[in-house]
Amino acid sequence: MREAARSLDHRGGLRPSGRAPTRLTAPEPSSPRRTTAALLLLLVAFLWGTSFASMKLALTAELDGRPAVGILTFVGTRFLLAALSVLPFVLLESRRTTRPPLGLRTTGAFMLLGGLLFSYALVNQIGVKDTTVTNSGFLTSLYVPLIPVFVFVLFRQTVRPMIWIGVGGCFLGSCLLTGVIPAGFDRLHPADVWVMASAVLFAFHVIGMGVFSARWERPVTLAFIQFLVTGLLASAGALILESPDLRGILFIWKELAYAGILAGGLAYALQASAQQVVPAPATAILLSMEMVFAAAAGAVVLGERLETLQWFGAVLIFGFLLAVEVGPLLRRHRTRAAHLASDPASGRPPSCGDETAVGSGE
C-alpha cells in the first residue's frame, strides 16, 4: 500500500479525469522537445482552468425561461463526450501494452473509481453553478494538501511538516477567499461548501487512482472507463430526476464540447505525453497555473471581481499548494544532481525510481 500511495501524482492521474505518471528524469533544459512539452502543459492548465467558466455558463444558461440543462444532464453529456474523445488513445494503448487483458475484477475496480469520480463531479458542479469561477478553481485545488493527510490516516505514511503547514495555510486562504475572514461563517456561501466537499471526494479519488494505476499501468484505459461510468451514471440519474431536452443540450453545445472534448480527452492526451518529458517540479508549477487561468477566465468572460482580502486568500492558496507540491521534488532533483556529480557513470541516484509523484506527501 505504501508503494501505491507513492505513485500519486498531481490531480491523481485523472482529471476530471486523468493525469499520467510524472517522470523525474527528462532531457536537458535546452531541449526543444522539452520546451514544446512545457508549453503543452501550460495549454493543459489553460484548458482546465478556463473550463470552469464554460461549466458556469452551461449550468446557468436559460432556454425558454428555464435552465437549458440540469446538472446531471450536463455531467452525463460532458463525460460521455470525454470518453469518446479518449477512445482512440485506449485502442492505441491496448496495441502497445504487453500487459494481459483486463480481468473482471480489474474492470470492476476501475468502475468503482468511476463511481467515485461521478460523486466528485456531481458535488463539484452543484457548487460551480452558484459560486464564482475564481472560487471554484481555487477551492477545488484544496484536494492537493488533503491527499497526503488522508494517505497518512489510511496507510500510516509519514507526513512531512510542510504538509501540515500547507493545510493550515490553505485553510487560512480559503477563509479569506470565501469571506469567512473577517465576516464570520455566516458569510460562507453554500456553493463554496459544495466545492470544498468535492475537493475531499477528489482527494479520495486520487488515492484510489494511486492504488490501482500502480498495479495495472493502463492510465488511458482507466481514464476511459471512469469517464464512461461517470457519464452513464449521470445520464441515468438525469433520465430519472430531470427531463433531458435535446434542444437544451444543443443550446450549450459549445460549452459541452469545451469541457468534455478539449478540457477532457484532448487535455488528458496532451498532458500524458508532455509529462514524459518535463520533470516533476516544472510540471507541478505549470499545472498549478490552472487556478490562475480560472480566475482570469472569471474576470474576462464573466466580469468577476475579487476584494483585496479575497485576492490575498487566493495568493495564499496558490503559494502553499506550490510549496506542498514542488518542495519534495526539488529536494529529489538536488539529491540526484549531487549523486551524478559524485558518480557520473551511474546516471541515476541509488534509491530513486523513474517516476515520482506530485502531491504524494513525501
Side-chain angles (χ1 to χ4, degrees), residues 8 10-12 15 45-46 48-53 55-56 120 123-124 126-128 130-152 159-204 206 281 284-299 302 304-330 358-361:
L8 301 178
H10 180 68
R11 284 287 171 118
R15 199 250 199 226
F46 173 83
W48 284 340
T50 53
S51 69
F52 282 102
M55 290 185 282
K56 175 83 172 181
Y120 153 75
V123 173
N124 184 259
I126 293 173
V128 168
D130 294 319
T131 191
T132 64
V133 170
T134 302
N135 282 23
S136 298
F138 279 89
L139 296 178
T140 300
S141 298
L142 294 178
Y143 77 89
V144 174
L146 290 177
I147 290 172
V149 175
F150 292 158
V151 167
F152 168 74
V159 176
R160 295 177 292 109
M162 187 59 216
I163 295 296
W164 300 112
I165 296 173
V167 170
C170 288
F171 176 77
L172 176 60
S174 301
C175 290
L176 291 169
L177 184 63
T178 58
V180 170
I181 297 176
F185 282 96
D186 291 340
R187 172 73 183 273
L188 186 61
H189 196 286
D192 289 331
V193 178
W194 281 105
V195 176
M196 288 187 282
S198 74
V200 174
L201 290 172
F202 197 75
F204 282 112
V206 171
I285 294 173
L286 290 169
L287 293 182
S288 292
M289 290 297 293
E290 171 189 355
M291 63 190 81
V292 177
F293 286 127
L302 300 174
E304 296 178 353
R305 297 293 183 269
L306 296 181
E307 299 174 1
T308 302
L309 282 178
Q310 289 179 302
W311 275 117
F312 186 59
V315 170
L316 277 180
I317 294 174
F318 182 69
F320 278 103
L321 287 182
L322 281 182
V324 167
E325 290 188 287
V326 179
L329 299 172
L330 290 176
V358 180
S360 65

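Just so it is clear, the model here is predicted, and its values are computed rather than measured.
Pairing each heavy atom of Lys56 with each of Val133, the nearest pair is CB-CG2, 3.9 Å. Shown here for Ser136 and Thr131, the closest heavy-atom pair between the two residues is OG-CG2, 3.2 Å. Closest of all the heavy-atom pairs between Met196 and Leu188 is CE-CD1, 4.0 Å. The minimum heavy-atom distance linking Thr134 with Ala295 is given by the pair OG1-CA, 3.5 Å. Scanning all heavy atoms of the two residues, the minimum distance from Val128 to Val195 falls at N-CG2, 4.0 Å. The two residues Ala294 and Phe52 make their nearest non-hydrogen contact at CB-CD1, 4.1 Å.
Counting heavy atoms from C-beta on, the side chains of Met291 and Leu321 come closer than 4.5 Å. Between Leu139 and Thr178 there is a side-chain heavy-atom pair separated by less than 4.5 Å. The shortest side-chain heavy-atom distance between Val206 and Val144 does not fall under the 4.5 Å cut-off.
The CG atom of Leu177 sits 12.5 Å away from atom CZ of Phe312, with the distance rounded to the nearest 0.5 Å. With rounding to the nearest 0.5 angstrom, the SG atom of Cys175 is 9.5 Å from the CD1 atom of Ile317. The CD atom of Gln310 sits 10.0 Å away from the CD atom of Glu304 when rounded to the nearest 0.5 Å. Interatomic distance, CG of Leu172 versus CG of Leu316, reported as 5.5 Å (0.5 Å rounding).
Residues meeting the side-chain contact (heavy atoms from CB on, under 4.5 Å) test with Val315, sequence neighbours left out: none. With sequence neighbours excluded, the residues satisfying side-chain hydrogen bond (donor to acceptor under 3.5 Å, both in side chains) with Ser198 are Asn124. For the side-chain hydrogen bond (donor to acceptor under 3.5 Å, both in side chains) test, residues two or more places apart in sequence or in another chain that qualify with Thr132 are Asn135.
A ring-ring contact (aromatic ring centres under 6.0 Å, His included) with Tyr143 is found for one member of Phe138, Phe202, Tyr120 and no other, namely Phe202.
Environment of CZ in Phe150: crowded, with over 12 heavy atoms of neighbouring residues, nucleotides or ligands closer than 6.0 Å.
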- Task: List the steps, then state whether side chain to side chain contact (heavy atoms under 4.5 Å, CB included) holds for Met289 with Phe318.
- Result: CA-CA 9 Å; Met289 290 297 293; Phe318 182 69; 4.1 Å; yes

- Verdict with reasoning, Trp311 to Arg305, per side chain to side chain contact (heavy atoms under 4.5 Å, CB included): CA-CA 9 Å; Trp311 275 117; Arg305 297 293 183 269; over 6 Å; no

